[in-house]
Visitor: 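Quick one: the structure is below, and I'll ask about it shortly.
Naming: A, B, ... by sequence-line order, numbering from 1 per chain. What you are looking at is a predicted structure, and each value in this text was computed from that prediction instead of being measured.
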2 protein chains.
Amino acid sequence: MAPRQELSQKNRNKLSRRDLTTAAIALIEREGLDALSMRRLATELECAPMSLYTHVRSRDDLIDAVVEHLIEQLAPPEWSGESWQQVTRRTLEAYRDLAVQMPNSFELLALAPYDSSPVAPHLSRTVASFEQAGLTPEQARQILGILDGYATGFLIVWARSSTRGRSDEYAATAPGIAGLRDLEMFDRGLDALIAGLDLTLVRGTDGGEVLA
Amino acid sequence: MAPRQELSQKNRNKLSRRDLTTAAIALIEREGLDALSMRRLATELECAPMSLYTHVRSRDDLIDAVVEHLIEQLAPPEWSGESWQQVTRRTLEAYRDLAVQMPNSFELLALAPYDSSPVAPHLSRTVASFEQAGLTPEQARQILGILDGYATGFLIVWARSSTRGRSDEYAATAPGIAGLRDLEMFDRGLDALIAGLDLTLVRGTDGGEVLA
DNA sequence: ACCTGAACACCGTTCAAGT
DNA sequence: ACCTGAACACCGTTCAAGT
């Protein structure tokens with residue numbers, strides 16, 4: 001019945017680092033980010049709290065592992081002959097889809113530091129794919145930073161409000177604010193941002209090509 | 001020497017809700033967001049942890065009070081005859097300046113739910129100022145949502161990386177990523193976004209005015 | 001190598017008690 | 001009304017001990 005081995009005497013579960021992140025993500029999606037604690041995760045895995053430390057250095061390391069797990073869900077960044085507008089749109093839409101799929105865990109990925117071990121390599125590959133699409137290194141860096149800022153902020157707030165039980169207790173005092181965020185808005189903002197970046201950063205700066 | 005009254009016998013400090021938020025913000029800016037706990041704040045104010053509960057219902061309520069305190073630092077949204085581009089730019093630049101001034105506390109404001117008691121009224125007034133500048137209610141709602149998403153995400157990540165001691169341990173593995181974020185980039189992104197929104201949302205949709 | 005219980009220094013908050 | 005200490009149910013993590 002359980003996908004996990006029967007525990008023979010004490011606990012011969014043979015936990016792995018991946019078991020931790022799988023259980024952690026399931027727990028977060030089921031009960032929210034605050035529910036993720038070492039002790040809570042241990043009871044979830046039917047082991048002692050200290051057993052987790054065999055597979056993970058600390059709580060921060062656990063979160064790094066979760067972020068790494070989440071990044072694996074994103075398709076690896078690569079260029080397939082598209083324009084830079086198409087690559088960036090595809091990249092950001094994948095990001096958006098992950099936020100929809102795992103709204104509670106998404107925040108861990110979105111706010112993970114750029115220089116953390118799971119994020120840095122993924123970011124490097126993303127920048128590289130932007131450059132292959134014809135952007136200069138400087139353009140790629142700036143456009144990624146700006147687009148990532150937009151997606152991070154929009155999607156975190158969206159995910160929080162789509163998950164947290166909307167209280168509606170101030171909805172009356174703030175007419176027109178309810179539903180300030182919806183996903184179509186994300187796509188519209190993305191369109192606007194890409195169009196604006198093309199105008200001000202790509203076409204604008206160097207006297208580069210007028211047509212892609 | 002201390003701006004606070006000498007404590008006579010026990011503690012005749014006459015704490016107020018504002019004393020709590022002032023001390024909380026100072027503590028957060030000095031030692032980071034994680035340092036803000038009821039017990040820690042109490043020692044900061046030289047009172048018993050439970051004394052705080054006279055002025056604040058709970059930790060969440062304390063955070064609401066801090067957010068309210070931060071919003072007061074922003075100039076109240078109003079329209080002074082500018083174009084919508086100028087109002088939105090002015091609004092977002094004030095938001096940016098607050099992030100620069102109080103990088104550690106900023107996150108509390110940026111991630112406070114739209115429908116929380118301190119945020120909702122401020123948001124309503126902001127939407128109203130956008131409408132006075134000529135946007136339709138629907139345009140104002142969308143443009144605020146998108147711009148706020150951009151500013152929230154960009155500035156939170158910027159504030160975190162500008163404060164947290166940059167480890168530089170993965171800087172080598174991620175060439176071109178170090179310094180992915182700087183404040184000039186925020187302004188460039190804002191320019192691009194406003195230009196793009198004008199193209200795709202304001203000029204684009206209804207057959208409205210061609211010139212502001 | 002992997003798992004564990006006891007212990008330490010934290011945390012938010014309830015409750016009953018003091019002024 | 002305002003402040004307080006003791007107590008409860010949590011938390012991450014160290015350490016010494018088991019297999």
Side-chain angles (χ1 to χ4, degrees), chain A residues 2 4-25 27-28 30-67 104 107-108 111-112 116 164, chain B residues 2 4-25 27-28 30-67 104 107-108 111-112 116 164:
Chain A
R4 175 150 289 290
Q5 309 278 8
E6 284 306 312
L7 37 113
S8 61
Q9 303 215 46
K10 288 289 212 101
N11 225 353
R12 309 258 23 86
N13 264 359
K14 285 298 180 188
L15 283 180
S16 73
R17 199 172 158 94
R18 189 132 250 263
D19 291 330
L20 301 212
T21 59
T22 306
I25 291 172
L27 175 60
I28 292 170
R30 188 163 16 94
E31 307 195 20
L33 248 188
D34 292 344
L36 180 66
S37 74
M38 299 300 279
R39 296 175 114 106
R40 187 82 173 66
L41 181 59
T43 67
E44 212 72 20
L45 289 164
E46 297 181 323
C47 71
M50 285 312 301
S51 306
L52 304 180
Y53 287 82
T54 309
H55 310 282
V56 120
R57 226 184 329 269
S58 65
R59 186 176 192 273
D60 279 354
D61 189 38
L62 170 65
I63 287 175
D64 269 3
V66 167
V67 169
N104 285 337
E107 191 165 328
L108 292 179
L111 293 180
S116 69
R164 309 264 210 280
Chain B
R4 175 149 290 287
Q5 310 277 6
E6 285 305 312
L7 37 113
S8 61
Q9 302 215 46
K10 287 288 210 105
N11 224 351
R12 307 263 21 89
N13 264 359
K14 286 299 180 187
L15 284 180
S16 72
R17 198 174 159 96
R18 187 134 252 262
D19 291 330
L20 299 212
T21 59
T22 306
I25 292 172
L27 175 61
I28 292 170
R30 188 164 15 96
E31 306 195 21
L33 248 187
D34 292 344
L36 180 65
S37 72
M38 299 300 279
R39 296 174 115 106
R40 188 81 174 67
L41 181 59
T43 67
E44 212 72 21
L45 288 164
E46 298 182 324
C47 70
M50 285 312 299
S51 307
L52 305 180
Y53 287 83
T54 307
H55 308 94
V56 120
R57 228 186 325 271
S58 65
R59 187 176 192 273
D60 279 355
D61 189 37
L62 170 66
I63 287 176
D64 268 3
V66 168
V67 170
N104 285 338
E107 191 166 328
L108 293 179
L111 292 181
S116 69
R164 308 263 211 280

Visitor: So if I define the base as every atom that isn't primed, P, OP1 or OP2, how would nucleotides 6-14 of chain C read as a B/S/- string at a heavy-atom cutoff under 4.0 Å?
Guide: BB---BBBB

Visitor: Is any side-chain N or O of H55(B) closer than 4.0 Å to OP1 or OP2 of dA1(D)?
Guide: no

Visitor: Measure the distance from CG on L45(A) to C1' on dT4(C) and round it to the nearest whole Å.
Guide: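 Result: 15 Å.
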
Visitor: Going by an N to O cut-off under 4.0 Å, is there a salt bridge joining D64(A) and R17(A)?
Guide: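 No, this pair does not count.
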
Visitor: How many whole angstroms separate atom CG of L15(B) from atom P of dA1(D)?
Guide: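 Those two atoms, CG and P, are 17 Å apart.
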
Visitor: Do any side-chain nitrogens or oxygens of S51(B) fall under 4.0 Å of OP1 or OP2 in dT4(D)?
Guide: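 Indeed, a polar side-chain atom of S51(B) lies that close.
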
Visitor: dT19(D) C1' sits how many Å from K14(A) NZ, rounded?
Guide: 11 Å

Visitor: Would you mind listing every side chain to side chain donor-acceptor pair (under 3.5 Å) that reaches into residues 47-59 of chain A, with sequence neighbours excluded?
Guide: none

Visitor: May I have the step-by-step check of side chain to side chain donor-acceptor pair (under 3.5 Å) for S16(B) and D19(B), ending in yes or no?
Guide: CA-CA 5 Å; S16(B) 72; D19(B) 291 330; 3.2 Å; yes

Visitor: Where is the tightest heavy-atom contact between L15(A) and C47(A), given as atom of each residue plus distance?
Guide: CD1-SG, 3.8 Å

Visitor: Under the rule for side-chain contact (heavy atoms from CB on, under 4.5 Å), what residues qualify as partners of R39(A), not counting sequence neighbours?
Guide: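 By the side-chain contact (heavy atoms from CB on, under 4.5 Å) rule, R39(A) matches S37(A), P49(A).
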
Visitor: Considering only heavy atoms from C-beta outward, does the side chain of L52(B) approach that of L62(B) to under 4.5 Å?
Guide: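 No, too far: nothing below the 4.5 Å cut-off.
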
Visitor: For E44(B), which residues count as a salt bridge (Lys or Arg N to Asp or Glu O under 4.0 Å) partner, sequence neighbours excluded?
Guide: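 Per chain and number, E44(B) pairs via salt bridge (Lys or Arg N to Asp or Glu O under 4.0 Å) with R30(B), R40(B).
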
Visitor: Of L33(A), L41(A), D34(A), which is the lone residue that meets side-chain contact (heavy atoms from CB on, under 4.5 Å) with I28(A)?
Guide: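 Checked L33(A), L41(A), D34(A) against I28(A); only one passes side-chain contact (heavy atoms from CB on, under 4.5 Å): L33(A).
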
Visitor: Would you sketch DNA chain C in dot-bracket for me? Only Watson-Crick or G-U wobble pairs with both distances under 3.5 Å count, crossing pairs as [ ], other-strand pairs as |, the rest as dots.
Guide: ||.|||||...|||||.||

